[in-house]
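Predicted model only: the values in this text are computed from it and were never measured. One-based numbering, in listed order, for ligands and for the atoms of each.
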Amino acid sequence: MTTRRGFIGSLMTVAATASAAPPVSDDGRKKIRIAVLGGGFGTNFQWHEHPNCEVVAATDLYPLRRQRLRDTYRCDSVYNSFEELLRTRANDIDAVAVFSGAPDHVKHALMCFDRGLHVISAVPACLTLEDAEKLRDAKEKTGLRYMMAETSYYRQACIYARRKFQAGEFGKIFYSELEYYHDGERDKMVADKTSLYYNPDGSNSWRQGFPPMLYPTHSLGLIVGVTGERIASVSSLGWGDPALMEKLRANAYDNPFSNEFASMRTAGGNMVRCNVF
Ligand SMILES: NC(=O)c1ccc[n+]([C@@H]2O[C@H](COP(=O)([O-])OP(=O)(O)OC[C@H]3O[C@@H](n4cnc5c(N)ncnc54)[C@H](O)[C@@H]3O)[C@@H](O)[C@H]2O)c1
């Protein structure tokens, strides 16, 4: 697992080969020039606070979110679309923080790789095995860096458990229970269209009816982030009440479930019970 600081450190040598002369920080090292795509969760980071990093451009489709990007990163080069940003700025940025909606991550990461830009992407990395292969192939072909911004790894409980595990204090972990329970909506939020399930213009966001197990990373980060094991096999059940939730009656994913449970086996042969509700 690469730390954020490690990621930035590892980009230092690569930045030196970028076409336009990159800025230099007080310690004489090249600064990483990052562009941020997405003014929702994408405004929750601190790249602009790092001495070896600069947010040089940002973009969102919605004006309010462009303003949030401007305010958060103190960056005035804000574009109306990612396409426009790349057309204008691809030659003087080193990396892109991809914080668009989950179904767009692969498309946007590939656009970055195509232009020689490193990527840090919000989770989930992708939604299908085909897209996972495309992502891996592009990353290997270009030799560029790809970092997945999973947050469970940095939760205090996860850090604590990781340290205990690494110190051998748990012995062998043969069974784990992983849970991530996302907040839902109150009636008023549905009526006002102010929850995460709506875009700022009131249209349905990608979250409407999104299958929980297509986004298990916050649960899985709790085992990958402690023992480092990968999941080798999965068997899952789902539950949902379409009478209760309109978004389960019709959605872009043809998904009837709001809650999913899975039994998993790790590559190391251990058992995992994982909930995404
Ligand atoms: N803890 C975590 O790790 C965590 C928490 C929240 C969200 N996320 C992830 O972060 C991502 C963003 O989440 P969100 O809630 O902000 O989603 P969101 O859909 O509210 O925001 C995505 C933004 O991307 C912008 N966008 C999409 N295509 C664009 C384009 N071509 N050009 C410019 N802007 C474009 C949209 O306008 C939108 O504002 C999601 O993938 C989500 O899974 C992770």
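Between V123 and ligand 1, a contact under 3.5 Å exists for at least one N or O pair. For G101, no nitrogen or oxygen atom sits less than 3.5 Å from a nitrogen or oxygen atom of ligand 1, counting backbone and side chain alike. Among the atoms of D104, none of the N or O lies under 3.5 angstrom from an N or O of ligand 1. When only interatomic distances are considered, the shortest N/O to N/O separation between N199 and ligand 1 does not fall below 3.5 Å. Polar contact with ligand 1: present for R65 (N/O pair, distance under 3.5 Å). The N/O atoms of F82, backbone and side chain alike, include one that comes under 3.5 Å of an N/O atom in ligand 1.
Of the candidates E84, R207, K107, it is R207 that places a heavy atom closest to atom 13 (O) of ligand 1. The option from N44, D60, T217 that lies nearest to atom 38 (C) of ligand 1, judged by heavy atoms, is D60. Looking at T151, N80, T43 and measuring to atom 3 (O) of ligand 1, the nearest heavy atom belongs to T151. Nearest to atom 17 (O) of ligand 1 by heavy atom, out of W206, Y215, F99, is W206.
A heavy-atom distance below 4.5 Å is found between the side chains of R273 and E179. Two residues are said to be in side-chain contact when any heavy atoms from C-beta on lie closer than 4.5 Å; L248 and S258 meet this criterion. Residues R87 and Y79 form no side-chain contact, since every pair of their non-hydrogen atoms from C-beta on lies 4.5 Å or further apart. Put simply, the side chain of D27 does not reach to within 4.5 Å of the side chain of P51, judged on heavy atoms. Side-chain contact between E54 and H48 is absent, with no heavy-atom pair separated by less than 4.5 Å. The shortest distance between side-chain heavy atoms of F99 and N44 does not fall below 4.5 Å.
Figure legend: R162 and Y153 shown as a cation-pi pair, the cationic atom lying under 6.0 angstrom from the six-membered ring centre and within 45 degrees of its axis.
Every atom of ligand 1 is numbered from 1 in the order shown, and the set under 4.0 Å from a heavy atom of H108 is 28 (N), 31 (N). Taking a cut-off of under 4.0 Å to the non-hydrogen atoms of H218, the atoms of ligand 1 that pass are 1 (N), 2 (C), 3 (O), 4 (C). For ligand 1, the atoms sitting less than 4.0 Å from at least one non-hydrogen atom of A102 are 41 (O), numbered in the order shown with element in parentheses. Ligand 1 places these atoms under 4.0 Å from at least one heavy atom of L37: 29 (C), 32 (N), 33 (C), 34 (N), 35 (C). Atom numbering of ligand 1 starts at 1 in the shown order; those under 4.0 Å from a heavy atom of E83 are 31 (N). Near Y62, meaning under 4.0 Å from one of its heavy atoms, ligand 1 places the atoms 37 (O), 39 (O).
Residue-ligand proximity: S205 is placed with every non-hydrogen atom at 4.0 Å or more from ligand 1.
Of all protein heavy atoms, the one closest to atom 27 (C) of ligand 1 is S100 CB, 3.9 Å. Scanning the protein for heavy atoms near atom 10 (O) of ligand 1, the closest one is A122 CB, 3.3 Å. Among all protein heavy atoms, the one lying closest to atom 16 (O) of ligand 1 is F41 N, 2.7 Å.
In plain terms, the two heavy atoms of D104 and S100 that are nearest each other are CB-OG, 3.8 Å.
Other residues, nucleotides and ligands contribute only 12 or fewer heavy atoms inside 6.0 Å of the CZ atom of R230. More than 12 heavy atoms of other residues, nucleotides or ligands sit less than 6.0 Å from atom CG of D201. Heavy-atom neighbours of Y160 OH from other residues, nucleotides or ligands within 6.0 Å: at or below the threshold of 12. Within 6.0 Å of atom OH in Y175, more than 12 heavy atoms from other residues, nucleotides or ligands are found, so the atom counts as buried in its surroundings.
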